[in-house]
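Input: a single structure, listed below in structure tokens.
One is the number of the first residue; the rest follow in order along the sequence.
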Amino acid sequence: MKKYFRFEELGTNYRTEFVAGLTTFLAMAYILFVNPNTLALVGVENLPEGVTRIDQGAVFTATAIAGAIGSLFMGIIAKYPIALAPGIGLSAFFAYTVVLGYGIPWQTALSGVLVSGLIFVVLTLTGLREKIINAIPANLKLAVGVGIGFFIAFIGFQNAGIIVGDEATLVAIGDLTSPMVMLSIFGLVISIVLLSLNVKAGIFFGMLLTAILGMITGLISPPTGIDGIVGDVPSLAPTFGQAFGHFGDIFSMDMLVVILTFLFVDFFDTAGTLVAVATQAGLMKDNKLPRAGRALFADSTATVAGAIVGTSTTTSYIESSAGVGAGGRSGFTAVVTGGFFLLALFFSPLLSVITAEVTAPALIIVGVLMASSLKDIDWDQFEIAVPAFLTIFAMPLTYSIATGIALGFIFYPITMILKGRYKEINPIMYLLFVIFILYFIFLS
């Protein structure tokens with residue numbers, strides 16, 4: 001095994017890789033509770049007509065399985081210290097835009113995730129993936145990531161009760177003296193403190209401390225005995241295979257945009273994470289990523305597997321950098337993380353303790369981290385600034401990641417042509433321009 005994972009060449013050992021794998025798991029363990037709460041729309045009272053709520057326990061199991069499969073594939077096939085799990089941004093898009101906004105049943109949304117994963121596999125195997133990624137301007141890629149960060153943070157503030165609806169101003173500050181709001185504020189403050197002190201798993205420990213405070217103050221019902229902490233693995237029956245039964249429902253303009261959004265965001269997340277973590281680990285060769293095809297194949301097949309068991313798009317996690325910071329250099333780090341995801345299957349009873357108010361700070365913090373790319377957008381070029389701004393601004397204000405992407409991709413060719421830079425526009429961008437114009441026509 002040492003030879004397979006090239007321990008000697010990479011200057012690592014079992015102990016270092018195990019600690020790195022555990023560190024990565026703790027840094028991203030919050031998704032085990034945030035994802036089920038998000039997909040099950042916990043805290044949302046009124047669902048669109050004909051739409052049911054996905055089973056929270058099944059999503060917990062699906063999240064752990066998708067994280068385990070993705071991380072094991074990445075570690076064994078691509079041999080990178082990069083872990084995978086359902087992406088928080090795509091989970092929010094799945095729940096709040098597709099299901100809550102469009103009124104599309106979660107079963108059909110899972111079909112969209114499955115189709116996007118299959119397309120990703122085909123594009124990876126045929127080598128077309130790079131052409132498509134290169135067709136999307138770097139500034140728009142950055143804007144999409146920032147916009148998703150703002151959208152996630154907005155949802156976090158809502159779930160915390162810090163921001164509430166208002167008939168006169170659309171949104172307003174909530175009742176900050178409410179006990180549950182104060183609990184979320186405590187969680188946000190403690191998470192900021194931990195991350196400021198460079199605690200690698202600051203988000204996870206912040207959730208843990210918030211839940212403990214909630215139980216001490218009586219705001220959250222504490223688990224009773226060992227059965228309230230460790231229990232049977234929740235059944236996958238409510239979600240397993242549902243994606244296959246709704247293929248016939250994906251042939252609409254709404255679902256086309258949904259599938260494209262799943263695909264694009266997964267592209268950007270994966271490519272950015274792979275390069276960032278590999279660079280940190282010193283694994284880049286001549287500014288290129290060795291075994292990139294294998295890494296992308298692992299990512300895309302994990303999305304397919306996740307959709308089958310019942311969760312949103314699975315993607316590579318930037319939190320893997322925490323494990324690399326702890327010394328992880330080989331795929332064995334990801335294998336260890338995958339093992340911890342399997343172990344986590346037995347801790348589903350904690351879902352009753354990790355409430356929406358407890359997970360809200362995690363959403364806000366992730367939004368802060370994603371917003372860091374703002375500095376890299378070319379704001380001094382007006383033809384770039386307009387589509388980038390519309391992409392970012394529209395996502396939280398329209399409550400739709402897809403709408404933000406659509407506006408950005410429509411205005412980019414327009415501003416570039418008006419500026420005389422039409423030769424820099426890839427033909428694929430014109431095709432996407434037409435698709436998103438049709439999207440708004442059909443949407444209205």
Side-chain angles (χ1 to χ4, degrees), residues 65-87 89-90 93-94 110-138 140-141 144-145 243-244 247 250 255-279 281 283-309 311-318 320 330-331 334-335 337-338 405 426-429 431-432 435:
I65 290 176
I69 291 175
S71 300
L72 290 171
F73 277 16
M74 183 66 76
I76 295 171
I77 297 174
K79 302 181 184 179
Y80 279 118
I82 297 174
L84 290 85
L90 287 165
F93 173 66
F94 183 110
L110 282 178
S111 295
V113 174
L114 178 58
V115 170
S116 72
L118 291 172
I119 294 173
F120 199 172
V121 170
V122 172
L123 293 177
T124 299
L125 293 177
T126 58
L128 292 173
R129 180 205 61 84
E130 290 185 10
K131 293 183 179 179
I132 294 176
I133 288 182
N134 293 336
I136 312 297
L140 281 187
K141 295 175 190 174
V144 168
F244 292 115
F247 272 127
I250 66 173
M255 281 306 299
L256 172 60
V257 172
V258 167
I259 291 170
L260 285 175
T261 302
F262 281 140
L263 190 62
F264 289 158
V265 177
D266 195 14
F267 268 10
F268 305 153
D269 277 358
T270 301
T273 298
L274 288 175
V275 171
V277 178
T279 300
L283 301 175
M284 298 289 283
K285 304 286 185 180
D286 300 322
N287 204 33
K288 292 183 180 180
L289 184 68
R291 307 181 303 282
R294 292 186 182 186
L296 292 165
F297 179 75
D299 191 288
S300 56
T301 51
T303 291
V304 172
I308 292 172
V309 295
T311 187
S312 51
T313 306
T314 303
T315 189
S316 301
Y317 262 61
I318 194 63
S320 302
S330 79
V335 170
T337 303
I405 292 175
N426 191 291
I428 292 176
M429 291 301 296
L431 174 61
L432 294 173
I435 289 174

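- Remark: I77 engages F73, R294 in a side-chain contact (heavy atoms from CB on, under 4.5 Å) (not counting sequence neighbours).
- By the 4.5 Å heavy-atom criterion applied to side chains, T311 and F94 are not counted as neighbours.
- Residues satisfying the ring-ring contact (aromatic ring centres under 6.0 Å, His included) criterion with F120, sequence neighbours excluded, are F267.
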Just do the side chain to side chain contact (heavy atoms under 4.5 Å, CB included) check on L84 and Y317 with the steps written out, would you? CA-CA 6 Å; L84 290 85; Y317 262 61; 5.7 Å; no
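- F93 meets the ring-ring contact (aromatic ring centres under 6.0 Å, His included) test with F262; sequence neighbours excluded.
- The side-chain heavy atoms of Y80 and V277, taken from C-beta on, include no pair separated by under 4.5 Å.
- Remark: T313 pairs with no residue by the side chain to side chain donor-acceptor pair (under 3.5 Å) rule, at least two apart or across chains.
- In this structure, S320 has no side chain to side chain donor-acceptor pair (under 3.5 Å) partners at least two apart in sequence or on a different chain.
- Considering only heavy atoms from C-beta on, L125 comes within 4.5 Å of F297 through its side chain.
- Considering only heavy atoms from C-beta on, L296 comes within 4.5 Å of L274 through its side chain.
- Within the structure, side chain to side chain donor-acceptor pair (under 3.5 Å) contacts touching residues 300-309 (residues at least two apart or in different chains) are D266-T303.
- Annotation for M429 and L140: closest pair CE-CD1, 3.9 Å, computed over non-hydrogen atoms.
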I405 and V265: side chain to side chain contact (heavy atoms under 4.5 Å, CB included), yes or no, with the steps? CA-CA 10 Å; I405 292 175; V265 177; 4.1 Å; yes
